[in-house]
There are 4 protein chains.
Amino acid sequence: MSPRADAVRNRTKVLAAADEVFAELGTDAPTDEVARRAGVGIGTVFRHFPTKEGLLAAVFQERLRQVGSEAAAMATSEDPAEAFHELFTKLIGNSRTKQALGEALTAAGIDVDDAIAPVRDEVRGAIAILLAKAQEAGGVRGDIGVDEAIALLIGASQASAAVIDISMRARTLNVFLDGLRP
Amino acid sequence: MSPRADAVRNRTKVLAAADEVFAELGTDAPTDEVARRAGVGIGTVFRHFPTKEGLLAAVFQERLRQVGSEAAAMATSEDPAEAFHELFTKLIGNSRTKQALGEALTAAGIDVDDAIAPVRDEVRGAIAILLAKAQEAGGVRGDIGVDEAIALLIGASQASAAVIDISMRARTLNVFLDGLRP
Amino acid sequence: MSPRADAVRNRTKVLAAADEVFAELGTDAPTDEVARRAGVGIGTVFRHFPTKEGLLAAVFQERLRQVGSEAAAMATSEDPAEAFHELFTKLIGNSRTKQALGEALTAAGIDVDDAIAPVRDEVRGAIAILLAKAQEAGGVRGDIGVDEAIALLIGASQASAAVIDISMRARTLNVFLDGLRP
Amino acid sequence: MSPRADAVRNRTKVLAAADEVFAELGTDAPTDEVARRAGVGIGTVFRHFPTKEGLLAAVFQERLRQVGSEAAAMATSEDPAEAFHELFTKLIGNSRTKQALGEALTAAGIDVDDAIAPVRDEVRGAIAILLAKAQEAGGVRGDIGVDEAIALLIGASQASAAVIDISMRARTLNVFLDGLRP
DNA sequence: TATGAATGAGTCTTCATTCAT
DNA sequence: CATGAATGAAGACTCATTCAT
């Protein structure tokens, strides 16, 4: 019962290190580097994630899940329109989550759809609810659905990569927000 | 007839093949594949582009240049506002150029700024002119500059990767276009 | 009931699983597979057999011992000549024991002589007795000794690997049996 | 036209080194060792034989081919019965070719039938002819076919592995030869 | 100049073995 | 004693780059 505790902790350390490494060095960073940063042996990485592709998928799922739970949390907000806008704000602003969604869905090499499948529905669901509420509240145009929202989130997150300073960020964001208005 | 002619033709073939290969297989496609599709030996590829990084840079420059000249051509349009919108339409629509700009600027591995430098100003200039005219004509909001426009172009091109069908494409595009209105 | 009882049972389970695994997957099957089939943890396998080489040696000894006791049992037969022939028949026929002897002595990687030493004499003794009786009874040519008999047993067991159907098996076997006649 | 010459020479060197290495260290000897002995870089080995399995197959084919051409050469002998016996003598005697056939067909890991297919028929054909002539000449029993002959060749080559001195070799061989008589 | 064979550093992955629980 | 997670050395294979022809 207790050896499992260590194993779980290691899995977490590896996942965190992988997220960091892939964000910093790109998805073709060597797996050794992940092990090094996690402070474990290379064998441990492969014990928890038998393929590099699997490790990448896990990292992306985790990132997606974060976006999903953020969306879910926001869906309970009393001002869903404002909350929906905030989702974009966060994606374009948070340098950690930044390329998260975009990279997660765009990432070359792994068959995105299959790898992401488990979380995909979860995230889509959360965004769908938030979007519906925001539209109902009159804060977001009614002619877009979840798929368009997701595409736009990807666009926003990628656009943010090119954004340099804060005022520029604000101006870029406004285009998205104004475009989303009814 | 001059020996140079062949060399130039080869350089062109290689560049075209590389553009195709990197678009299809991703930027870490093997250089051999480029040679194969260009119908030349590996040696020839490396003669013209001594590093893979250099080859990638050349491909990206070429892609950027295409966007630049499209922008330049549009700047002479009698309806610059419409032309500016059309730039986005093309980026989100043309599956060939699609990820071009985005990938060109985002591409991991090569130091973007340095590699792109030669064309950067050219493209920026062309877009700046088109944007200014479009704003002057009252077709585009006045609070954004070239940098924001470029960031948005990147966002649009990346968003398009997630777009599946045509009607979805239109709805996604509308958000960008409406957001750009004054 | 004694703690030793469990240990002995485990040793047996491991040995049986190893015999099965190495027969099926070859001698470079992973030790994990042995543990899995034995229904024990890897640690247990290594507790009983500190090296893979040791485990292999144990398996081979066991197989040899089986051949040895078969030979010993047959030596008491009232028709030793017939019994000696039967030894070949079994080796070429029994798909379980089939490559046993051959593999046991041929097996790459472990130093055969040293690993097998403990049982070697035992087996040689049993075969020697059976052979002597068979020769005495006039059923086997007199110009071969134990070493030749063993070499021929190996040959027969390996030849059987190439044998496909039953009638072919019989025809191949006859060559050995006729060759052994005085 | 000339660069090919070097390539062919290298292919040959690699194949020779591989035959040597696999004979000496077994089929799971590291590929690096083959490269080292061939005096080439590891990349060269893989350029000529893209998989280790492929390299092994090539080695085995080569070995088989040698047996095949030996059989073919013998088929033209004026005394085919004697020639057939000589085939066994060579297999049990030549320490270089020794385990050749046996290992070639037995080798764990690679799917023997498929890898060997190209040469299989060639070798079978050569042996079939020699066998038929030997039988016709009354030197070999009539109730065996090619398949049995091959199985016996395998048996003989493996038996030879256990043979220590020359007189023992002769005695073992006699069993095969006498067994093959009509 | 073009060619493509050669090179070897770098990557992923496996597996025997150890050791904390 | 048993367990199975951790370890890291070793092996197969890839690919950017060089260079003899």
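Every chain is numbered from 1 and lettered A, B, ... according to where its sequence line falls, protein lines coming before strand lines. Note that the structure is a prediction, hence the values are computed from the model and not measured.
Between the CG atom of D/Leu56 and the C1' atom of F/dA12 there is a distance of 12 Å, given to the nearest Å. The nearest whole Å value for the distance from the NZ atom in C/Lys52 to the C1' atom in E/dA16 is 8 Å. Between the P atom of F/dG4 and the CD atom of C/Glu33 lies a distance of 15 Å, rounded to the nearest Å. Between the CZ atom of D/Arg9 and the P atom of F/dA20 there is a distance of 15 Å, given to the nearest Å. Taking atom CD on A/Glu53 and atom P on E/dC12, their separation rounds to 13 Å, with Å as the unit. Taking atom CG of D/Asp28 as the reference point, atom P of E/dT14 lies 17 Å away to the nearest angstrom. Atom pair B/Leu55:CG and F/dT17:C1' shows a separation of 13 Å (rounding to whole Å applied).
Position along DNA chain E of the nearest nucleotide to A/Ala29 versus C/Pro30 favours A/Ala29 as the more 5'-ward residue. Comparing D/Asp32 and B/Asp32 by the nucleotide of DNA chain F whose heavy atom lies nearest to each, the residue mapping closer to the 5' end is D/Asp32.
B/Val8 has its side chain out of reach of B/Arg11: every pair of non-hydrogen atoms, C-beta onward, lies at least 4.5 Å apart. Side chains of C/Asn10 and C/His48 form a contact here, defined as non-hydrogen atoms less than 4.5 Å apart.
To the nearest 0.5 angstrom, D/Glu62 atom CD is 9.0 Å from D/Thr12 atom OG1. Taking CD from A/Gln66 and CD from A/Gln61, the interatomic distance works out to 12.5 Å, rounded to the nearest 0.5 Å. One distance of note links OG1 of B/Thr51 with CG of B/Leu56; it measures 10.0 Å at 0.5 Å rounding.
For D/Asn10, no side-chain nitrogen or oxygen approaches OP1 or OP2 of E/dA5 to under 4.0 Å. Contact annotation: A/Thr31 side-chain N/O to E/dC12 OP1/OP2 distance is under 4.0 Å.
The backbone N or O of C/Pro30 sits nowhere less than 3.5 Å from a side-chain atom of C/Lys52 that would complete a donor-acceptor pair. Using modelled atom types, no side-chain atom of B/Thr44 and backbone atom of B/Val40 make a donor-acceptor pair closer than 3.5 Å.
Summary for the helix from E/dA2-F/dT21 to E/dT21-F/dA2: the axes at its two ends, each from 5 pairs, differ by 0° when rounded to the nearest 10 degrees.
In this structure A/Phe46 satisfies the side chain to side chain contact (heavy atoms under 4.5 Å, CB included) test together with A/Thr31, A/Ile42, sequence neighbours excluded.
Residue pairs satisfying the side chain to side chain donor-acceptor pair (under 3.5 Å) criterion with at least one member in residues 32-41 of chain C, sequence neighbours excluded, are listed as follows: C/Glu20-C/Arg37, C/Glu24-C/Arg37, C/Glu33-C/Arg36, C/Glu33-C/Arg37.
If you check residues 38-49 of chain D against DNA chain E, the residues with a heavy atom closer than 4.0 Å are D/Val40, D/Gly41, D/Ile42, D/Gly43, D/Thr44, D/Arg47, D/His48, listed by number.
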